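Note on naming: letters A, B, ... go to the chains in the order of the sequence lines (proteins, then strands), and numbering restarts at 1 for each one. What you see below is based on every heavy atom in this structure, not just the backbone, and it leaves out hydrogens, waters and symmetry mates. Here the structure is a predicted model, which is why all the values come from computation and not from measurement.
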Amino acid sequence: MSLNNPTPVITRFAPSPTGSLHLGNARTALFSHLWARKTGGKFILRIEDTDAERSQARFRDQLMADMRWLGLDWDEGPDVGGPSAPYSQAERGEFYWGLFAQLTVRDFAYPCYCTAEDLELSRKLQRTSGKPPRYAGTCRGLTTAQRAERDGRGLKPTLRFAVPGDLTIEFTDAVHGPQRFSSNDIGDFIIRREDGTPAFFFCNAVDDSAMGVTQVLRGDDHLTNTPRQIMLLEALGMRCPAYGHVGLLVGEDGAPLSKRHGSASAHEFRERGFLSAAVLNHLFRLGHAGDVDGWLSAADMPAHFRPEHLGRAPARFEESQLMHWQKESLERMSAAEIRAWLAADDSMQFIELVRHNVVLPADAIPWRAVVQGELAPLGTEEQRVVAAAGPEFFAAAALAYEQSNADLKALTAILKERTGRKGADLFMPLRVALTGQVHGPELASLLKLMSPDTARRRLQLHAQNP
RNA sequence: GCUCCCUUCGUCUAGAGGCCUAGGACACGGCCCUCUCAAGGCCGGUACAUGGGUUCGAAUCCCAUAGGGAGCGCCA
């Protein structure tokens, strides 16, 4: 730690509360969090709720709950406060107004009276004539008198940023390396909506700067938007953070991760019973190569995070890999922790017995039925095993059970002598009769956990001719 | 259409001119262990998108091509 003393990096996660925590966002949040923790910096949570229509308090609360579940705690944010409060954009109006005024006074911004329909039409026209659909600059040259006239008619303008011409914007992306854009390819964009609320490009950039964020990490889809934000910040004389754009997260079919792929939000995985450690370990390796292959605890992750190994290519989310980390995480839990995770009032013996046969909570249900309930109808393979053993075998088994005091070792010894069977031929029919399944935990312990009545009944069931 | 990004095993990735007949992990197949599954051990197959350069030598550099993706929104 003391050998290489990294400069503390201040990162942030800036979700809009319009849905639950998307896995792709959870991953950039994780990377941002790890980067801050690795360098002893800060991790900030900012809620981008300028879209009043779609933003909801319940989404914000769930977002924060799911982040905490993942262990992505923040040093500054809406509920914990901090030097740059408030951390909800809906509450930062005054800050933005001042900036709008500054830009306007210095001719970096101008009111635009074009209607949404005008713009839609203009874009369509440009597209059909093979041109980039950019704002034509209609209102840029309006005189003061013309503006006054429109204001007089009660028109509500938006505010546009006047993009300077012939400017080359260069920056070094933390994951893509050097980037270079021409301002001539960028149209004047809206920074304040008709209703007076700030638009994303604006408040996002300005808040990152004002909150002291030094490293912005976000999805690849923002790469070409970055020059706008840099121009904006430069016009305002504000400090520019460094930007890094990670490849997107895609589903198993290569398309952007969505509900179609089963689960797309952290919350859904949580509800299905995945452990946060499993989700974390999986996300850690998606579009990122740490310096170890094995399972990492949340506490160990920052030390193994390598920002220089963040990926550019889209990463595919495969559930089979998540399953692996789920098993690994389970292996590292105590029986008591697993019991709490299953939340079903199981006995500790039961937990110890079935823990290696359970990956998701639902996997415990059949074993609970084996120990104290009714068996499901036999599958084809199970029926085959029962048929192959024959009723005499089970009659003998039922008898042996009475003489063995629920001890499998004693039971099989007797049975072995009487039937001449051994190995799988001996054990499998017993396993199937007793548990209804061809696979499962140690049979001897399973047998001890069931009531004598149950065991007796299950063995006798197959002692009759079919 | 314009601008930009991406492309190594099925998947996640290592690789920054010779250490690469391309390494690891997951998944898959086989064997061992074992009443079965899981775990564990051993073994195995499969990848540098294509085509041109540059070089004694290229997965690594350059140029094209192909295929994927993003942005160009009063969504973020």
Under 4.0 Å between any heavy atoms, over every strand shown, what does A:Phe201 touch: base, sugar-phosphate, or nothing? Just pick one.
base
Which whole number of Å gives the distance between the C1' atom of B:C74 and that of B:A16?
45 Å
Examine A:Arg285 relative to A:Trp325 and say whether NZ or CZ is less than 6.0 Å from the centre of the six-membered ring and inside a 45° cone about the ring axis.
yes
Test side-chain contact (heavy atoms from CB on, under 4.5 Å), reference A:Gln89, set A:Thr50, A:Asp51, A:Thr197, output is A:Thr50
Side-chain N,O (A:Thr18) to OP1/OP2 (B:A76) below 4.0 Å
no
Tell me if the aromatic rings of A:Phe317 and A:Phe269 count as close, with their centers under 6.0 Å from one another.
yes
Paired with B:A64 by Watson-Crick or G-U wobble geometry, both distances under 3.5 Å: which nucleotide is it?
B:U50
Between B:G53 and B:C20, how far apart are the P atoms? Round to whole Å, please.
28 Å
Determine: side-chain N/O of A:Arg316 to OP1/OP2 of B:G68, distance under 4.0 Å, yes or no.
no
Per the atom types in the model, does the base of B:C72 pair as donor or acceptor with the side chain of A:Arg134 at under 3.5 Å?
no
Which part of the nucleic acid, if any, lies within reach of A:Arg431 when heavy atoms closer than 4.0 Å are counted: base, sugar-phosphate only, or nothing?
base
With sugar-phosphate meaning primed atoms plus P, OP1 and OP2, does A:Gly187 contact a base, only sugar-phosphate, or nothing at under 4.0 Å between heavy atoms?
nothing
Between A:Cys114 and A:Pro132, just flag the one whose closest nucleotide in RNA chain B comes earlier from the 5' side.
A:Pro132
Between A:His356 and A:Glu331, does any side-chain donor sit less than 3.5 Å from a side-chain acceptor?
yes
Once you apply a heavy-atom cut-off of 4.0 Å, does A:Pro133 come out as touching a base, just sugar-phosphate, or nothing?
base
What residue among A:Arg134, A:Arg228, A:Arg140 forms salt bridge (charged side-chain N to carboxylate O under 4.0 Å, His left out) with A:Asp188?
A:Arg140
It should be established whether A:His324 places a side-chain nitrogen or oxygen under 4.0 Å from OP1 or OP2 of nucleotide B:A25.
no
Over all strands shown, is A:Thr158 touching base, sugar-phosphate only, or nothing at heavy-atom distances under 4.0 angstrom?
base
Say you pick atom P in B:A22 and the same atom in B:A58; how far apart are they, in whole Å?
16 Å
Watson-Crick or G-U wobble partner for B:U11, using a 3.5 Å limit on both distances?
B:A25
Please classify the nucleic acid contact of A:Arg421 as base, sugar-phosphate, or nothing, using heavy-atom distances under 4.0 Å.
nothing
Judged by each residue's nearest nucleotide on RNA chain B, which is more toward the 5′ side, A:Arg180 or A:Gly287?
A:Arg180
For A:His288, which contact category applies under a 4.0 Å heavy-atom criterion: base, sugar-phosphate, or nothing?
sugar-phosphate
At less than 4.0 Å, is any side-chain N or O atom of A:Gln179 found next to OP1 or OP2 of B:C5? Yes or no.
yes
If the P atom of B:U60 is compared with that of B:U21, how far apart are they to the nearest Å?
14 Å
Please check the phosphate of B:U11 (OP1 and OP2 only) for any side-chain N or O of A:His282 closer than 4.0 Å.
no
Anything under 30° is parallel, anything over 60° is perpendicular, the rest tilted; go ahead and classify A:Phe202 against A:Phe100.
parallel
Touch check for A:Asn357, heavy atoms < 4.0 angstrom, all strands: base, sugar-phosphate only, or nothing?
base
Counter-base of B:G18, judged by Watson-Crick or G-U geometry with both distances under 3.5 Å:
B:C56
Complementary nucleotide for B:U3 - Watson-Crick or wobble, under 3.5 Å
B:A70
Taking any strand in view, what nucleotide pairs with B:C31 in a Watson-Crick or G-U wobble way, both distances under 3.5 Å?
B:G41
